[in-house]
Amino acid sequence: MRIRPRTRAVGRGLRRALPACVALALLSVLVACRPDLAAPGAPTAWPASSAGRWQWQWQLSGVLDLTVDADVFLLDPVATTAAQTAELRSRDRRLVCQVHVGSVLPTDPDADRLPAAVRGAASRQPQGRWLDVRQWDALRPVLADRFRLCRGKGFGAVALADADGYAHRSGFPLDFDDQLRFNRRLAELARSLSLSPGLINDLGQVAALAPDFDFAVNEECVRLDQCARLLPFVEAGKPVFHVEYAGSTTDFCVTTLGYGLSSIRKERRLDAWRLPCAAP
């Protein structure tokens, strides 16, 4: 059976529609070929096939360098602007904000929201104070807002800093289980706010917390001879972002690549300068 065109107008309409259809088809192909980068409202995904291959940057001081050739940027959510995160996202960078969850500085914008009763001894930060992580009801609203700041600025992941007060003289009788409970609550809180949770250091709890977190950040495991303790993340196909502050990349990269870590050399001030290990 032969199908006849109804009118010339229909034929003209079809001809006009064809270029748009072709353009839509091409756009669909291009979108399908792009890397799997989460939308602004979704937590960052970490494909297991890429673990150990990420190039990353950790910058907390100085003028933010948006041109660094890295897949992942770990940044200060207060100092970083929404315009900067938008620019990085346009380049398909994965963005991680660093949030101090176990300590407070007098210069923190929300410092006055934390009562004196939850502030303890001096922390590792100058003028910082450890927090009583047992006081979840007092800490949760403040930390939730810190996470929301990250989400609002376009970050898709959060890395928890000072999440190991139990291992220091915090001024409180914190034990392993107190810290473990607190860190797991924070991982759950991050997920509820569409953020992928990551753990900074806290090597003593890595084995217990690896199932609860999506990635880890470590400082100086080569110098301290502790890289093997990060294997629970590596063996689970989760990325470990590692930094050394001394030594040659020629020396330590061989070690960390063998462990499956994504490693860089930085200065302790964590400005823009970096020397990366080559991806395997």
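Here, residue 1 is the first one in the sequence, and each next residue gets the next number.
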Given side chains that start at C-beta, do those of [X] and [Y] come closer than 4.5 Å, heavy atoms only?
X: Leu186; Y: Trp136; value: yes
X: Phe252; Y: Leu261; value: no
X: His242; Y: Val222; value: yes
X: Ile200; Y: Leu160; value: no
X: Arg91; Y: Leu66; value: yes
X: Leu64; Y: Thr80; value: yes
X: Leu74; Y: Leu270; value: no
X: Phe147; Y: Val142; value: no

* Asked: Which disulfide bond (SG atoms under 2.5 Å apart) pairs, counting each pair once, include a residue from residues 143-196, with sequence neighbours left out?
  ->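 Qualifying pairs: Cys97-Cys150.
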* side-chain contact (heavy atoms from CB on, under 4.5 Å) between Leu131 and Leu139, worked out -> CA-CA 9 Å; Leu131 295 173; Leu139 298 181; 4.1 Å; yes
* Asp177, CG atom: more than 12 neighbouring heavy atoms under 6.0 Å ->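 Yes, the 6.0 Å shell around CG holds more than 12 heavy atoms from other groups.
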* Glu267, CD atom: more than 12 neighbouring heavy atoms under 6.0 Å ->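 More than 12 within 6.0 Å, yes.
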Under a 3.5 Å distance rule, please check whether [X] uses its side chain to pair with a backbone N or O of [Y] as donor and acceptor.
X: Arg119; Y: Trp130; result: no
X: Gln57; Y: Ala272; result: yes
X: Ser61; Y: Arg269; result: yes
X: Thr85; Y: Ala82; result: yes
X: Arg134; Y: Phe172; result: no
X: Gln226; Y: Leu230; result: no
X: Asp132; Y: Ala117; result: no
X: Ser262; Y: Trp54; result: yes
X: Arg265; Y: Tyr245; result: yes
X: Glu244; Y: Ile264; result: no

Looking only at non-hydrogen atoms, find the nearest pair between [X] and [Y] and report the distance.
X: Ala121; Y: Gly171; value: CB-N, 3.9 Å
X: Ala42; Y: Arg151; value: O-NH1, 3.2 Å
X: Ala159; Y: Val217; value: CB-CG2, 4.5 Å
X: Ala138; Y: Val118; value: CB-CG1, 4.1 Å
X: Leu105; Y: Gln125; value: CD1-OE1, 3.3 Å
X: Arg129; Y: Ser123; value: N-OG, 3.6 Å

Test: salt bridge (charged side-chain N to carboxylate O under 4.0 Å, His left out). Region: [range]. Which pairs qualify, not counting sequence neighbours?
range: residues 51-76; value: none
range: residues 228-243; value: none
range: residues 152-172; value: Arg124-Asp162, Arg124-Asp164

* To do: Run the numbers on Asp202 and Phe213 for side-chain contact (heavy atoms from CB on, under 4.5 Å), then give the verdict.
  => CA-CA 12 Å; Asp202 193 17; Phe213 287 82; over 6 Å; no
* Residues two or more places apart in sequence or in another chain: which of them pass side chain to side chain donor-acceptor pair (under 3.5 Å) with Arg113? ->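 Applying side chain to side chain donor-acceptor pair (under 3.5 Å) to Arg113 gives Asp145.
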* Does Ser170 have any side chain to side chain donor-acceptor pair (under 3.5 Å) partners at least two apart in sequence or in another chain, and if so, which? ->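 Listed in chain order: nothing, the list is empty.
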* Asked: Is a salt bridge present between Asp92 and Arg89, judged by a nitrogen-to-oxygen distance below 4.0 Å?
  ->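 No.
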* Is the closest basic N to carboxylate O distance between Arg268 and Glu220 below 4.0 Å? ->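 Yes, charged N to carboxylate O under 4.0 Å.
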* Have Thr256 and Ser263 got a donor and an acceptor in their side chains that come within less than 3.5 Å? ->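 Short answer, yes.
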* Using only heavy-atom distances, determine whether the side chains of Gln179 and Asn183 contain a donor-acceptor pair under 3.5 Å. =>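 Yes, a side-chain donor-acceptor pair sits under 3.5 Å.
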* Parallel, tilted or perpendicular, as decided by the 30° and 60° cut-offs, for the rings of Tyr166 and Phe176 ->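 Taking Tyr166 first and then Phe176, their aromatic rings stand perpendicular (interplane angle over 60°).
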* Under the side-chain contact (heavy atoms from CB on, under 4.5 Å) rule, what do Val240 and Phe215 come out as? Steps first, then yes or no, please. => CA-CA 6 Å; Val240 176; Phe215 62 95; over 6 Å; no
* To do: Could you point out which residue of Phe233, Trp56, Trp58 forms a ring-ring contact (aromatic ring centres under 6.0 Å, His included) with Phe241?
  =>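 In the set Phe233, Trp56, Trp58, the residue that makes a ring-ring contact (aromatic ring centres under 6.0 Å, His included) with Phe241 is Trp56.
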* Any chance you could lay out the salt bridge (Lys or Arg N to Asp or Glu O under 4.0 Å) test for Glu188 and Arg184, step after step, and finish with the verdict? => CA-CA 6 Å; Glu188 184 178 353; Arg184 284 174 171 161; over 6 Å; no
* To do: Tell me, with the steps shown, if Glu219 and Asn201 meet side-chain hydrogen bond (donor to acceptor under 3.5 Å, both in side chains).
  => CA-CA 7 Å; Glu219 297 174 284; Asn201 297 323; 2.7 Å; yes
* **Inter-residue atom distance Leu195.CG - Arg148.CZ, 0.5 Å rounding** =>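 Separation between the atoms: 10.5 Å.
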